[in-house]
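Single-structure report; data block below.
Quick note on labels: first sequence line is chain A, next is B, and so on, each numbered from 1. Keep in mind that the numbers below use all heavy atoms, side chains included, and drop hydrogens, waters and symmetry copies.
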Amino acid sequence: MDYLKNLNEPQLEGVMNTEGPCMIIAGAGSGKTRVLTMRIAHLIKAQEVDPFNILALTFTNKASKEMRNRIEDVVGHEARNIWMGTFHSIFARILRAEASKLGYPSNFTIYDTDDSKSLIKNIVKEKGLDDKVYKPNTVLNRISAAKNRLVSWQEYLKNPIYRADDESAMKPEVGNIYQAYADRCFKASAMDFDDLLFNTNVLFRDHLDVLNKYQQRFRYVLVDEFQDTNLSQYLITKKLAAVNQNICVVGDDAQSIYAFRGADIQNILNFEKDYVDLRVIKLEQNYRSTQNIVDAANSVINKNRAQLKKKVWTENTPGELIEVIKASSDNEEGKLVASNIFEEKMHHQLSYEDFAILYRTNSQSRSIEEALRRANIKYKIIGGLSFYQRKEIKDILSYLRFAINQQDEQALRRIINLPKRGIGPASVDKVVVAAYEHDITIWEVLENIHSFLSGRTANAIADFVTMIKAFKLEIERKDAFEAATHIAKNSGILRELYEDKTIEGLNRYENVQELLNAIKEYVDNEENEDKSLGAFLQEIALLTSVDQDKSEDNDLVTLMTIHMAKGLEFKYIYVVGMEEDLFPSQMMLSSRADLEEERRLFYVAITRAKIKLCLSYALNRYRFGRLKNCEPSRFLEDIDPKYIKVNRLQKGSDALAFDQLNPNHGTGSQYARNLVNSVRKKPAPNPQHYHKPDKDFAPSDTSGLAEGMKVEHAKFGFGVVTMMDNLGANKKAKVNFEKFGEKTLLLSFAKLKIHDS
DNA sequence: TTTCTGTACTAATCA
DNA sequence: AGTACAGAAA
């Protein structure tokens with residue numbers, strides 16, 4: 001068993017003891033992924049467990065792909081048959097198979113966050129509530145938190161605690177919005193991300209035969225990043241492992257950074273109570289980083305109160321001290337980091353792929369990118385706006401979604417007037433109201449539109465329905481790729497993009513081509529058993545941009561958020577934007593628990609580095625298009641100073657000069673800027689300047705209007721007709737107004753009173 | 001109904 | 001710096 005070589009004592013223990021419940025508490029860089037992969041390999045090779053009986057759950061597709069590859073290296077192609085993937089993807093797959101038990105079609109749609117938010121927006125509007133109070137984001141977070149704690153809308157409405165919470169937040173209607181939201185999702189045959197887990201719980205609760213089937217199937221259950229599971233996920237795994245009791249979880253409480261998604265460190269503590277015969281293994285030796293980095297990380301995490309005691313140590317060399325870079329602005333920060341990377345690369349003969357730049361928020365990537373481009377340093381961005389979130393892609397996907405599932409309300413709203421076909425929001429509202437009044441689906445109203453509406457809009461809708469029905473047939477008859485191509489072409493989207501000859505237009509056109517290629521690839525890939533368009537859509541709904549790395553050139557500097565970096569390692573790590581209100585984020589300052597989570601995030605960032613860590617901050621930064629002063633992050637002070645190199649003055653930096661110029665943090669210049677802005681600002685149009693007609697003002701019949709007539713306009717006041725244009729369907733008149741000058745008015749719209757002839 | 005324009009508001013992290 | 005929305009004009 002040569003795969004067992006090079007494992008230390010506790011690691012070996014984690015690999016060999018495959019039976020019974022087991023929890024591995026693994027410090028950063030202690031080789032936990034290695035233990036997990038070797039454990040699975042051991043199950044297959046030594047214990048002859050059928051890969052089909054192993055369920056391994058991860059948090060990102062990237063992690064699961066990587067793990068599968070590493071297992072494949074040991075056990076060969078059999079690794080393919082392991083049930084390995086993210087919680088969401090695995091249970092979406094199971095729900096697809098069992099959907100009918102929950103009253104869903106197997107082709108249910110998966111709503112992404114945008115779909116959810118816009119649905120909530122619609123509901124708030126329909127209920128006549130104030131959208132300033134019920135912001136989609138806030139409401140969705142509240143609903144999401146409830147679902148992650150397995151609280152249905154019925155229980156939510158019943159529970160006085162939630163009611164009191166909502167009332168003290170001046171949002172008493174949240175429960176009712178939750179109810180409407182759940183109802184509309186169900187009617188749309190749609191599940192949001194949280195529903196995938198929530199409904200899996202419902203499925204296992206209400207259908208014991210189904211639960212039993214999967215309990216038998218998954219004889220071994222393994223969970224990576226266990227500290228990031230929420231209650232919903234925790235209960236699923238617990239239920240699945242209830243019969244065989246072969247459950248192994250791996251985690252590190254110091255790296256729990258997903259509380260905002262309902263993750264609960266308590267799960268680790270509860271785990272010990274749930275399994276009396278639990279074997280607990282601690283991995284504390286760090287193999288990844290230098291002594292200085294490990295010690296600095298420890299000094300940071302020790303500032304947190306809530307944590308399990310554990311000592312991460314290393315035998316590695318002390319290595320370099322941590323460098324702190326101070327810059328005058330975000331742009332300069334980018335420049336300094338770029339030149340620093342270039343120097344280190346040259347000096348130590350490194351590749352660009354040895355470097356990663358981490359930041360708290362995606363919006364910070366802009367200034368860094370700019371600097372890297374100027375310095376001719378190649379880079380790749382992970383995360384940010386994903387390919388599947390682009391407008392043109394979402395448009396096409398909405399067509400595909402709606403052709404498959406006619407109940408998908410959000411997809412319908414997106415495409416019904418795209419390209420423009422004369423069906424405006426007013427008509428859509430009428431349709432929705434009609435559906436509500438007759439208690440039928442929106443699609444049924446559309447199919448029989450002539451019973452509800454007449455005229456041009458009704459015809460447009462009838463044409464739309466005919467088109468969708470044709471698409472449906474296309475999907476039934478042809479494979480996913482051909483059907484999608486047909487829909488892209490015949491919906492008119494592709495043509496509209498093709499006619500747009502701007503650079504962005506060309507880009508969009510290419511993106512659609514790329515989407516079609518992706519479908520082709522999906523169809524051609526032998527590993528996908530279900531090649532239908534519906535399966536493809538469900539799969540990509542759970543994909544993020546992390547999962548698509550196809551670039552030929554791999555020697556690139558990596559840019560990403562700290563969250564994305566979890567589980568990865570690089571020789572050189574740059575953490576940028578070490579400023580108050582940015583990192584820690586200003587939204588995390590309200591409670592100790594929030595601040596501690598933020599600090600764990602910093603811990604994660606530090607421990608990604610193998611050889612050198614570099615932290616940077618800027619004194620000024622553009623936010624919302626305005627320059628803001630910033631202060632260095634309190635986290636810099638959390639590091640024991642003996643691990644930090646006192647920085648030489650940056651050459652080429654005017655940071656010092658800037659400080660001298662602006663001893664008061666640049667308030668003077670801000671004042672000057674405000675002055676300039678106030679001068680530049682155009683005076684706001686004053687409605688009081690508009691003409692006020694008599695209260696008995698009534699528009700005249702303008703069919704006999706002619707040049708030279710004196711008229712009164714409701715807003716522009718008195719004027720003289722200077723020219724008539726009676727050609728074509730739209731009669732126009734040019735009127736020279738006393739106060740507003742010459743205007744061209746469409747007579748079918750303009751309200752004019754004729755004052756003399 | 002559509003298009004244009006100015007304004008107000010925004011960016012926390014992921015599946 | 002972007003974009004989403006409202007309101008005006010066509």
Pair Glu369(A) + Arg366(A): basic N to acidic O under 4.0 Å: no

Ala541(A) vs Thr457(A), nearer the 5' end of DNA chain B by closest nucleotide: Thr457(A)

5′-ward residue of the pair Ile423(A)/Thr113(A) relative to DNA chain B: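 Looking at DNA chain B, the more 5' nearest nucleotide goes with Ile423(A).
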
Atom P, compared across dA6(C) and dA11(B): separation rounded to whole Å: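 The answer is 16 Å between these two P atoms.
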
Contact check, side chains of Tyr617(A) and Val576(A), non-hydrogen atoms, under 4.5 Å: no

4.5 Å side-chain heavy-atom contact, Met560(A) and Ile357(A): no

Rounded distance in Å - [atom1] ([X]) to [atom2] ([N]):
X: Ile461(A); N: dT1(B); atom1: CD1; atom2: C1'; value: 13 Å
X: Gln233(A); N: dC14(B); atom1: CD; atom2: P; value: 16 Å
X: Asp429(A); N: dT1(B); atom1: CG; atom2: P; value: 10 Å
X: Asp131(A); N: dA6(C); atom1: CG; atom2: C1'; value: 12 Å
X: Asn141(A); N: dT13(B); atom1: CG; atom2: P; value: 12 Å
X: Phe59(A); N: dA15(B); atom1: CZ; atom2: P; value: 11 Å
X: Leu140(A); N: dA15(B); atom1: CG; atom2: P; value: 16 Å
X: Asn148(A); N: dC14(B); atom1: CG; atom2: P; value: 16 Å

With the side chain of [X] defined as its heavy atoms from C-beta on, choose the nearest nucleotide among [options].
X: Ala426(A); options: dT1(B), dA15(B), dG2(C); answer: dT1(B)
X: Thr561(A); options: dA15(B), dG2(C), dC14(B); answer: dC14(B)
X: Ser427(A); options: dT1(B), dA1(C), dA15(B); answer: dT1(B)

OP1 or OP2 of dT2(B) under 4.0 Å from side-chain N/O of Asn417(A):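 For dT2(B), OP1/OP2 do have a side-chain N/O of Asn417(A) under 4.0 Å.
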
Sugar-phosphate, base or nothing in reach of Phe87(A), heavy atoms under 4.0 Å: nothing

Sugar-phosphate only, base, or nothing, as touched by Asp112(A) at under 4.0 Å among non-hydrogen atoms: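 No contact at all - Asp112(A) keeps every heavy atom at 4.0 Å or more from the nucleic acid.
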
Between the protein and nucleotides 9-12 of chain B, list the N/O to N/O atom pairs that are separated by less than 3.5 angstrom.
residue	atom	partner	partner atom	Å
dA11(B)	N3	Ser363(A)	OG	2.7
dA12(B)	N3	Arg360(A)	NH2	2.7

Within 45° cone of Tyr603(A) ring axis and under 6.0 Å: Arg600(A) NZ or CZ: no

From Asp194(A), Thr229(A), Ile143(A), residue fulfilling side chain to side chain contact (heavy atoms under 4.5 Å, CB included) relative to Asn148(A): Asp194(A)

For Leu240(A), the option from Leu55(A), Leu57(A), Leu235(A) that meets side chain to side chain contact (heavy atoms under 4.5 Å, CB included): Leu55(A)

Partner set under side-chain contact (heavy atoms from CB on, under 4.5 Å) for Ala411(A), not counting sequence neighbours: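 With sequence neighbours excluded, Ala411(A) shows a side-chain contact (heavy atoms from CB on, under 4.5 Å) to Ser398(A), Arg401(A), Phe402(A), Asp408(A), given in chain and number order.
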
